Every structure is written in structure tokens, then in C-alpha cells.
Asker: 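Below is one structure. I have some questions about it.
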Amino acid sequence: MEEQKAIYGIIGNPLKHSLSPILHNAAFKALAVPAEYRLFPLEEGQLESFFQELRNTDSSIFGLNVTVPYKETVIPYLDSLNPLAQQVGAVNTIVISEKRKLTGYNTDAPGFMAHLIELNFSVEGKNIAILGAGGSARAILSTLCIIPDRPRSIRIYNRTTARVNELIEDLKKRFDLDIVEAVISVDDLNLRECDLLINTTSVGMKRDDPCLVDEDLLHPGMLVYDLIYRPKETALLKLAKHAGALTANGLGMLFYQGVLSLEHWADTRIDDNVKIAMRQALERAAHYE
Ligand code: ATR
């Protein structure tokens, strides 16, 4: 008799371009486990019944990722959150136990930090600027404030000022935001003094998208991190490279958040050979090789 496959997957909308199936199916293959990772594109109105189904003891779904726009919406459907997900206020990973208990985790935040470690960049005492105030900015801003080796300052700019203010008001209830300042223009980000600029907006995804910052303010000695990984090099990263800055795109963060999700589902550390298979599959799919 064929062994029943364990199902994992991602919920969100839209999901068409998600690289998560490639990442996790490469891991299952390398681990030689009978499991499959699927896309679950859901409309908001389908969430309730989807989560009800998950509770059935005959469900074969044992783990999920959550992406835009549901990272906050899913929280009321879960039984518990780990402390980090609680602090960040967003969930991108759900572990489902044999007894069908649902626990929420956030691996975006430590995934970003893991990539910075790989890049050999320490945030301690640094001046940081963030563009955008969506879900990714929430995870990154939270982790930068929670870690013991904190930056000196974090300036954050968003096109819609009300949104950045709401984000800060919400995070203030959770931890100390004394190093954070919301600014009302890109100029106020003080990029000349900045050691790390992070783009969390979607500006740059389209080939003809502009760069939100003035090239003259980018300089050697700073790291410019764009969460966008397709295209591989956004206008921002091109200009940053030209200005002599170090650059990185978000494929590393995607990789590390995925590894950390898998470690939560498996409840164990993942071997290096599996991680290599995951990274190669991701880079191939993103047309980097
Ligand atoms: P994510 O979860 O990936 O962060 P999101 O929550 O949809 O995605 O957030 C998208 C971010 O990109 C927001 O900060 C958004 O700014 P607004 O809050 O003003 O909408 C930003 N963004 C999208 N298009 C933009 C544009 N053309 N110019 C500037 N910012 C833009």
C-alpha cells in the first residue's frame, strides 16, 4: 500500500509566482520523505472553512506558510503563537500537530537576520533606513528592535504616512521603539549617514519602476538590501552598486525563512546538504543560474 503523503503548502492571494513549492519540494526530495508542498490560493471568505477543515483528524495537511494578505488575518484561527510571532504580530508559518492544534510562528524576521549574518553585516550601533510599511517592514522593524545588539537608529518612510504611523502605534504596544522614527520624506531618511537601507516596498518589481531614492545619497560602506528578488537587480540595487555600496536582494531572506519554517514543521535542524539542495533549486527557479 502506498504511504499517505504529508501535505504542506502556502495560503495567500495571489500565489501564482510563489517560489515556496520549489524550495520545499526540493527539501522533501533531498530528505526522501513522502511529502508534497502545494499552493492554496484563498479568497478572504474561504479562510473560515479552510481552517475548519484543517482541524479534521483525517486532514493530511501538517504545515503551512502564510503570505500576503493573510499574515495578520490568520491569527484568530490559531490555538497559540510562539513568543516571536506574538511580538511581531504576524504569522508566516503554521505548525499543525497530530492532535490538530495550530501554532503560529514568524520566520520572516529571523530569516532576514540570518541573511545579514551570511552577508557578514552586523546591525549593532548602525543607522538604518527602511522604505515601506507593509507586512515585510513589520517583520524587519520588529526584529531590529527586539534583538539584543540593537542598531543606533531606524528611520522609516512610507508613501502613505498614516500606514507607517499605524504600524508604529501597534508595535509600540509590543516592545520598545525608542530607536525608531517615522519620517515624512525620503530626504529625511538621512541616507548620507545610513549604514543599511532596506527596501520593503514593491517598487522595483516591474522592469521600468523607478528608484525611490536619489542615487547621489548612496555611498560606499553602506549595504543596500532590496527584498525584491525578481528582477535579480532592481533599479535601486543597480544604482547602489554603481555608487560603490554593497548590495543584496531578498532571495537569501526567502531561503532562510523557508529553512526555518521547515525546521518548525520537522521539529529538528535541517542538514546542510538539504539546505544546499533548497538554495540551488531556488536560484535555478529565479533564473540566477
Ligand atoms: P509586503 O507584505 O510585501 O510588505 P504590502 O503589505 O502590500 O506588502 O506593502 C507594500 C509596500 O509597498 C507598502 O509600504 C506600500 O506603500 P503604501 O502603504 O503607501 O501603499 C509600498 N508601495 C507600493 N507601491 C508603491 C509606490 N508606487 N510608491 C511607494 N511605495 C509603494
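If you're wondering where the values come from, they're calculated on a predicted model, not measured in any experiment. Read the numbers this way: they start at 1 and go in the same order the structure lists the ligands and their atoms.
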Asker: Could you tell me whether Arg55 sits above the aromatic face of Tyr77, with NZ or CZ closer than 6.0 angstrom to the six-membered ring centre and within 45 degrees of the axis?
Answerer: no
Asker: Establish whether Phe175 and Val123 are linked, either directly or via other cluster members, by ILVMFWY side-chain heavy-atom contacts under 4.5 Å.
Answerer: yes
Asker: Is the distance between the ring centroids of His115 and Tyr225 under 6.0 Å?
Answerer: yes
Asker: Is there a donor-acceptor contact under 3.5 Å linking the side chains of Asn199 and Thr201?
Answerer: yes
Asker: Pairwise, report which nitrogen or oxygen atoms of ligand 1 are under 3.5 angstrom from protein nitrogen or oxygen atoms, and how far apart they are.
Answerer:
residue, atom, partner, partner atom, Å
ligand 1, 2 (O), Gly135, N, 3.2
ligand 1, 3 (O), Ser136, OG, 3.1
ligand 1, 4 (O), Gly135, N, 3.2
ligand 1, 4 (O), Ser136, N, 3.1
ligand 1, 4 (O), Ser136, OG, 3.2
ligand 1, 6 (O), Gly135, N, 3.3
ligand 1, 6 (O), Arg163, NH2, 3.0
ligand 1, 12 (O), Ser202, N, 3.4
ligand 1, 14 (O), Ala133, N, 2.9
ligand 1, 14 (O), Asn158, OD1, 2.6
ligand 1, 16 (O), Asn158, OD1, 3.2
ligand 1, 18 (O), Asn158, ND2, 2.8
ligand 1, 18 (O), Arg163, NH1, 2.9
ligand 1, 19 (O), Arg159, NE, 3.0
ligand 1, 19 (O), Thr160, N, 3.1
ligand 1, 19 (O), Thr160, OG1, 2.4
ligand 1, 20 (O), Arg159, NH2, 2.8
ligand 1, 27 (N), Arg159, NH1, 3.3

Asker: So if I apply the ring pair (Phe, Tyr, Trp, His ring centres under 6.0 Å) rule between Phe28 and each of Trp265, Tyr8, Tyr37, which one comes out positive?
Answerer: Tyr8
Asker: Between OG of Ser261 and NE2 of His24, what distance do you get to the nearest 0.5 Å?
Answerer: 5.0 Å
